[in-house]
Amino acid sequence: MIIFDQVSKTYAGGHQALQKVSFNLEAGEMAFLTGHSGAGKSTLLKLISLMERPSAGKVFINSHDLSTVDSKQVPFVRRDIGMIFQNHRLLRDKTVFDNVALPLIIEACHSPKEIRKRVHASLDKVGLLDKVRYYPQMLSGGEQQRVGIARAVVTKPPILLADEPTGNLDPKLSMEIINLFEEFNSVGVSVLIATHDLGLIARMKYRTLTLKKGMMFNDGLNQLDGDEALS
Amino acid sequence: MSLLFNDRQSGANEKSVSLLQRIQGQLLGFIRQWLAALGEIWRDPIPSLLTIAVLGVSLTLPATLYVVVKNAELVEQSWDNASEISLFFKQDIKDKKQQAVIKQIELMSEVEGVHFISKQQALTEFENLSGFGDALKYLDSNPLPDVLIVTPQPDYANPSAAGELLTELEALKEIDFGKLDIEWLRRLEAVVSLIKDALFSVALLLVVSVILIVGNTIRLSIVNRKEEIEVLKLVGATDGFIHRPFLFTGVWYGFFGGVIAWIAIELMLLWISAAIDNLAQLYQTDFSLQGLSGGDMMYLLMLSMGLGLAGSYIVVKRQIKEIEPDAT
């Protein structure tokens with residue numbers, strides 16, 4: 001589903017964020033992406049969502065070469081990717097409903113009735129159907145994160161990317177969030193979660209991509225390697 | 001429509017979306033954004049109100065000048081029969097010769113009609129009107145000349161054309177001299193054309209200022225909503241989708257600015273119409289002040305909305321391009 005082929009990224013100023021990174025995330029696979037701060041996790045996610053372009057190498061999604069996507073087409077690529085952020089990036093002056101409905105409104109081809117149906121379904125899935133009329137700041141951190149997830153999945157994208165989705169949450173809430181990702185994964189969505197929460201990874205038996213200084217240090221199920229990388 | 005996934009129709013919609021539904025959705029989206037732009041002004045009215053007030057004042061000035069020019073032209077038009085030309089015949093012209101000249105003038109293409117007043121008629125009229133009736137009897141002969149009143153065709157009734165016609169007629173050897181008493185009309189015309197020129201340059205300056213004011217306000221509101229724009233870009237909004245609310249806001253600013261200008265002009269007219277009526281009475285004319293007609297009003301609003309759109313257009317594209325989302 002997502003293929004990195006010898007991808008390097010050097011930022012203006014010479015900082016080399018990624019060096020010859022290659023991996024293949026299969027359709028319907030769920031994986032963690034880990035590494036120290038500055039190891040290149042965010043850069044890797046940005047390359048998938050086209051916030052950045054690689055300096056060398058190629059990124060493929062569903063065997064489409066992203067280097068052939070011009071800036072006008074970028075929004076349409078992003079519509080196929082559900083993105084979740086550490087600080088959830090909700091619009092403060094919009095209700096939970098409006099926040100979750102945003103991706104549907106952008107697509108501009110749904111009737112208001114269908115939008116309502118889908119938003120409710122999405123919020124129901126994350127267990128926040130009773131908070132439809134609330135504003136984000138009236139919710140707890142975990143709830144806000146779940147609204148962010150509801151927004152990411154409301155269009156039923158085939159790919160979910162999460163950047164430190166449990167960053168500000170305690171272990172119990174983190175587990176709930178990860179369980180939600182598992183649920184989406186079980187219906188065929190490819191999920192890539194960037195996190196440095198090793199305890200969380202240790203409790204799950206999922207493929208873990210470990211970056212170290214911009215290089216792919218380890219790619220596999222073995223947890224110990226990951227620990228070493230961060231020690 | 002998905003770029004990367006052929007089987008994924010418009011956001012994994014299970015059933016494909018028909019063209020009609022698409023158009024309907026787009027239209028609905030437009031209306032939604034159009035009203036949302038109004039809602040945005042409503043929610044944070046202070047900066048918008050200031051901008052709208054400035055626009056209103058800026059538009060009032062050229063619109064007022066326009067009203068002045070319009071009324072001045074009205075005055076000019078109501079005096080177009082003033083450009084009558086009085087031709088005075090030389091004394092001792094034979095009747096036959098005189099008739100021929102009158103016929104000749106009447107047939108000129110510039111002339112609409114002529115009215116001959118013989119010296120006898122003129123004397124009688126003078127006797128009746130002046131009250132010197134008895135005194136005039138002591139005159140040996142009638143000192144008044146024969147007069148021909150020439151009314152030019154409407155095309156030749158304006159001061160300059162009528163002036164040329166007068167020169168042409170004065171060249172006839174039977175004519176002593178002619179008189180075109182429209183000097184004051186000439187002056188009025190000069191003043192009106194001065195105001196027109198001033199109107200044009202003032203309007204041009206104010207149009208530019210309106211565009212800049214709207215542009216600056218929109219630029220600030222884009223900066224204030226940076227976060228929202230980033231989120232929109234992250235969830236896959238096209239540039240057009242992000243631009244539209246700001247463009248619509250510019251149009252709304254223009255609309256409200258135009259309404260304010262219109263109200264200001266109506267109030268001003270109300271304020272001075274009493275004085276104008278008084279003045280008109282003194283001149284024994286039934287002149288009444290003309291405000292903006294429905295058509296003028298529409299024109300003003302279209303113009304101000306167009307200016308609002310132009311103002312936002314010049315900043316929106318560049319300003320929003322600068323805002324790029326950051327994943328952290």
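Below, chain A is the first sequence line, B the second, and so on; all start at residue 1.
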- Query: Just wondering, are more than 12 heavy atoms of other shown residues or ligands nearer than 6.0 Å to CZ in F241(B)?
  - Reply: yes

- Interface moiety of I115(A) toward chain B, non-hydrogen atoms closer than 4.5 Å: side chain

- Task: Supply the atom-to-atom distance I61(A) CD1 to S49(A) OG, rounded to the nearest 0.5 angstrom.
- Result: 8.5 Å

- Message: Does anything in residues 209-233 of chain B reach chain A? List residues with heavy atoms under 4.5 Å apart, or say none.
- Response: E227(B), E228(B), E230(B), V231(B), L232(B), K233(B)

- Task: Find the distance between CZ (R146(A)) and CD (E143(A)) and round it off to the nearest 0.5 Å.
- Result: 6.0 Å

- Message: In terms of relative ring orientation, are F248(B) and W34(B) parallel, tilted or perpendicular, with 30° and 60° separating the classes?
- Response: perpendicular

- Query: Hey, is CH2 on W252(B) packed in by over 12 heavy atoms from elsewhere, all under 6.0 Å?
  - Reply: yes

- Item | With Y134(A), the side chain to side chain contact (heavy atoms under 4.5 Å, CB included) member among V147(A), L128(A), V96(A) | V96(A)

- Message: For I159(A), which atoms come within 4.5 Å of any heavy atom of chain B: side chain, backbone, both, or neither?
- Response: side chain

- Given a strict heavy-atom distance threshold of 4.5 Å, which part of K94(A) is in contact with chain B: side chain, backbone, both, or neither? side chain

- May I ask you to decide whether D5(A) forms a salt bridge with K58(A), counting only side-chain N to carboxylate O separations under 4.0 Å? no

- Bottom line for I105(A): the part with an atom under 4.5 Å from chain B's heavy atoms is both

- Is it true that D296(B) and K70(B) have a side-chain N and a carboxylate O under 4.0 angstrom from each other? yes

